[in-house]
Amino acid sequence: METLDTPTRSTSSSRRRLVTALLAGVTAVGIAAGGTAIATNSSSEAQAGAAAAAGKRSNLNEGFVTTRDGVDIFYKDWGPRDGRPVVFSHGWPLNSDSWESQMMHLADNGYRVIAHDRRGHGQSSQTWEGNDMDHYADDLATVITKLKLRDVTLVGFSTGGGEVARYVGRHGTDRIAQVALVGAVTPLMLKTPDNPNGVPIDVFDGLREGSLTDRSQLYRDLAEGPFFGANRPDAEVSQGMKDTFWLQSMQAGHKAAHDSIKAFSETDLTEDLKRFDVPTLIIHGGDDQVVPIENSAHEAHEIVADSTLKVYPGGPHGITDTHKQQLNNDLLTFVNSL
């Protein structure tokens, strides 16, 4: 029997919400936002409890599913339930909150939009083991299967693009109608003899060292520099945007975030891309300093037969925020194309 575990995990959800609120207290705005989150969650828990008492499946806009290895995966489920589903996979070391603009836009246009927190990230279980692409893909399959989704548009950003590719490689496209890869790490980031244009291992070793030494500062440095392109002349990146990146990153489990560096950099997704047999939209920033476009989007476009490549000139890695309206419109046009 397929069950959703929202009611029985209200205490865990409340605890995670409280941690989020405390982290958000770094600024006055964050305090207000955290307070709102706590109040909203309390209301949700009351609804979940009532649904459980009535012996019915709750119809909330968030919940948890449990994987075969016992990991609780948090998800958001917005928009009309009869809308065609669009499922989002987030980047490292963020969570489902990073998709809020795209989710709002598509939900307002009649789509059912779902985004989960990857294992070890956000409100999902802080895993010690299984922080690799195979488990990420299987967790995504759990969300899709337990929510009984069909004709799905899968959208993956950065590490999430790798997760989506590995999902197709392991689970096929029986439930999938379209795929969008946004700033994705596909097919392989790491420089190897067979991938000479890749990123040297020293870069990823530096990320690991920074994570172990002072991961809070590492996340601040990424936000202040290459992620949003804030290190480019005349760049306009708000403090709020940078603060949000740091906040979401600090909600990831330390071990999971550290392990994920290996997962997104060293996993070769070439064979997974070859299994793509649905329309695929590839979107990438032309000035992506985190996932260089030459050995990612351009190569993925060559591998996936039915793919369209759209480059945002001068766009950084974090185009989900810096180019949100353009991305929102492109995704809507894509999902409307079916």
Side-chain angles (χ1 to χ4, degrees), residues 1-14 16-17 41 44-45 47-90 95-99 103 106-107 111-127 129-156 159-160 162-180 256 278 335:
M1 179 181 295
E2 296 176 348
T3 60
L4 299 180
D5 300 313
T6 305
T8 60
R9 285 171 174 79
S10 59
T11 300
S12 176
S13 178
S14 179
R16 292 184 177 103
R17 293 283 191 181
N41 194 58
S44 297
E45 289 172 2
Q47 295 177 50
K56 300 176 181 178
R57 170 183 169 179
S58 62
N59 189 32
L60 303 180
N61 293 321
E62 63 180 44
F64 290 87
V65 296
T66 303
T67 67
R68 285 186 296 181
D69 59 342
V71 177
D72 294 336
I73 301 295
F74 172 81
Y75 68 90
K76 299 178 181 182
D77 190 347
W78 297 356
R81 288 299 184 269
D82 60 351
R84 192 165 65 78
V86 181
V87 177
F88 295 86
S89 292
H90 63 80
N95 57 53
S96 57
D97 290 346
S98 63
W99 286 114
M103 292 179 70
L106 292 180
Y111 289 93
R112 180 182 180 184
V113 293
I114 296 140
H116 65 291
D117 290 352
R118 183 171 300 117
R119 63 169 55 207
H121 296 66
Q123 298 184 64
S124 293
S125 298
Q126 291 205 8
T127 44
E129 298 177 336
N131 304 307
D132 55 66
M133 281 295 179
D134 286 354
H135 282 86
Y136 297 165
D138 292 351
D139 293 347
L140 175 58
T142 298
V143 173
I144 291 171
T145 302
K146 290 200 173 185
L147 294 183
K148 300 181 173 66
L149 304 178
R150 293 278 182 182
D151 296 321
V152 175
T153 296
L154 280 181
V155 184
T159 301
E163 177 180 299
V164 165
R166 182 51 53 93
Y167 169 91
V168 173
R170 287 173 69 84
H171 301 278
T173 56
D174 179 58
R175 293 175 178 265
I176 309 304
Q178 298 171 301
V179 174
V278 295
V335 296

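Every value quoted in this text rests on a predicted model; they were computed, and no experiment measured them. When reading the values below, keep in mind they use all heavy atoms of this one structure, side chains included, and skip hydrogens, waters and symmetry mates.
Judged by distance alone, the side chain of Arg84 and the main-chain N or O of Val335 form a donor-acceptor pair under 3.5 Å. Judged by distance alone, the side chain of Thr145 and the main-chain N or O of Ala141 form a donor-acceptor pair under 3.5 Å. Thr153 contributes no side-chain N or O that, together with a main-chain N or O of Val179, makes up a donor-acceptor pair within less than 3.5 Å.
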Handout entry: Working for side-chain contact (heavy atoms from CB on, under 4.5 Å), residues Val87 and Val155
Key = CA-CA 6 Å; Val87 177; Val155 184; over 6 Å; no

Exercise for the section: Check the pair Asn95, Phe74 against side-chain contact (heavy atoms from CB on, under 4.5 Å), reporting the backbone distance first and the verdict last. Expected result: CA-CA 10 Å; Asn95 57 53; Phe74 172 81; over 6 Å; no

Practice task
Might you work through the salt bridge (charged side-chain N to carboxylate O under 4.0 Å, His left out) test for Arg175 and Asp151, ending with a clear yes or no?
Solution key: CA-CA 5 Å; Arg175 293 175 178 265; Asp151 296 321; over 6 Å; no

Exercise for the section: May I have the step-by-step check of salt bridge (charged side-chain N to carboxylate O under 4.0 Å, His left out) for Asp117 and Lys76, ending in yes or no? Expected result: CA-CA 9 Å; Asp117 290 352; Lys76 299 178 181 182; over 6 Å; no

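Residues that satisfy the salt bridge (Lys or Arg N to Asp or Glu O under 4.0 Å) test with Asp139, not counting sequence neighbours, are Arg119. When the salt bridge (Lys or Arg N to Asp or Glu O under 4.0 Å) test is applied to Arg170, the partners found at least two apart in sequence or on another chain are Asp134, Asp138.
Between Trp99 and Phe88, the ring planes lie tilted relative to each other; the angle falls in the 30° to 60° range.
Note that CD1 of Ile73 and OG1 of Thr66 are 8.5 Å apart. Values are rounded to the nearest 0.5 Å. If you take OG1 on Thr159 and CZ on Arg118, they are separated by 5.5 Å, rounding to the nearest 0.5 Å. In this structure, CD in Gln178 is found 12.0 Å from OG1 in Thr173, a value given to the nearest 0.5 Å. In this structure, CZ in Arg81 is found 3.5 Å from CG in Asp77, a value given to the nearest 0.5 Å. Taking OH from Tyr167 and OG from Ser89, the interatomic distance works out to 10.5 Å, rounded to the nearest 0.5 Å. Within the model, atoms CD1 of Ile176 and NE2 of His171 stand 10.0 Å from one another, a figure rounded to the nearest 0.5 Å.
Listed here is the closest heavy atom pair of Gly83 and Arg112: O-CB, 3.5 Å. For Glu163 against Ala137, the heavy-atom pair with the smallest separation is O-CB, 4.0 Å. In this structure, Pro80 and Ala107 approach most closely via the heavy-atom pair CD-O, 3.9 Å.
Residues Val65 and Asp72 have side chains not in contact (no heavy-atom distance under 4.5 Å, counting atoms from C-beta outward). Counting heavy atoms from C-beta on, the side chains of Asp69 and His135 come closer than 4.5 Å.
Considering Ile114, Val113, Val86, Leu106 in turn, Val113 is the only one that fulfils the side-chain contact (heavy atoms from CB on, under 4.5 Å) rule with Trp78.
When only modelled atom types and interatomic distance are considered, His116 and Gln123 share no side-chain donor-acceptor pair under 3.5 Å.
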